[in-house]
Amino acid sequence: MTSQALPAARVVVDFWRDAGPSRWFAKSDAFDAEFLSRFSAAHQAAARGELDHWTDDAAGTLALLVLLDQLPRNAWRNNPHMLATDGLALRVAKKAIEAGFDQQFETALRAFFYLPFMHSEVLAEQERSVELNAALDANTQRFAVLHRDIVARFGRFPHRNRMLGRSSTAEEQKFLDEGGFAG
């Protein structure tokens, strides 16, 4: 355990809700630093499975998804660690949806139950993302379809290749060179 005290799940959810859409998907060094400084110990604990009991209720599950899926994308941009807990987040999301926890939140927050599917390079998970996001706003659905189409075409996200040390195919490189989705 680290010396940083772990927050309650509600603290994570309140922080995320208060941050709101204008900060969730914007690249901001200041926000990323605040997010990491406040919740890095909780992220590490979640990655080790020490917060699995948070999946017993909807708020705890959302907090866990924010820690496993969103914090890494903010804290470790363009570093393989940003993807390290994707599998855990997807497992949590599947359990949460089965329990109906996603339905206990407003549309904006509900999307975070579905993002682990959108972040997967498995086509079946991408199809599930499109299905789940259909109930949300048109912009979220547009991104779900975009992600699914990329995985359907390439079997993976080409914009991750360099970061993960993967070689790009000629078709993937052409896609990237022509301004294809960059994450």
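- Not less than 6.0 angstrom separates the ring centroid of Phe112 from the ring centroid of Phe105.
- The CZ atom of Arg17 lies 7.5 Å from the CG atom of Leu62; values are rounded to the nearest 0.5 Å.
- Using the six-membered ring where Trp is involved, Trp16 and Phe31 have ring planes that are tilted, between 30° and 60° apart.
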Step by step, would you call Val130 with Gln141 a side chain to side chain contact (heavy atoms under 4.5 Å, CB included)? CA-CA 7 Å; Val130 169; Gln141 178 66 354; 3.5 Å; yes

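- Contact check for Arg23 versus Glu34: side-chain heavy atoms found under the 4.5 Å cut-off.
- Note that CD of Glu172 and CD1 of Ile150 are 10.5 Å apart. Values are rounded to the nearest 0.5 Å.
- Aromatic ring centroids of Phe175 and Phe181 lie 6.0 Å or more apart.
- One distance of note links CG of Asp69 with NE2 of His119; it measures 5.0 Å at 0.5 Å rounding.
- Within the model, atoms CE of Met163 and CG of Leu83 stand 4.0 Å from one another, a figure rounded to the nearest 0.5 Å.
- Scored by the salt bridge (Lys or Arg N to Asp or Glu O under 4.0 Å) test, Glu178 finds Lys174 as partners (sequence neighbours excluded).
- Shown are Gln126, Glu121, Arg142; of these, the side chain to side chain contact (heavy atoms under 4.5 Å, CB included) with His147 is made only by Gln126.
- Judged purely by atom type and a 3.5 angstrom limit, Asn133 has no side-chain atom pairing as donor or acceptor with the backbone of Leu136.
- Rounded to the nearest 0.5 angstrom, Trp24 CH2 and Gln70 CD are separated by 9.5 Å.
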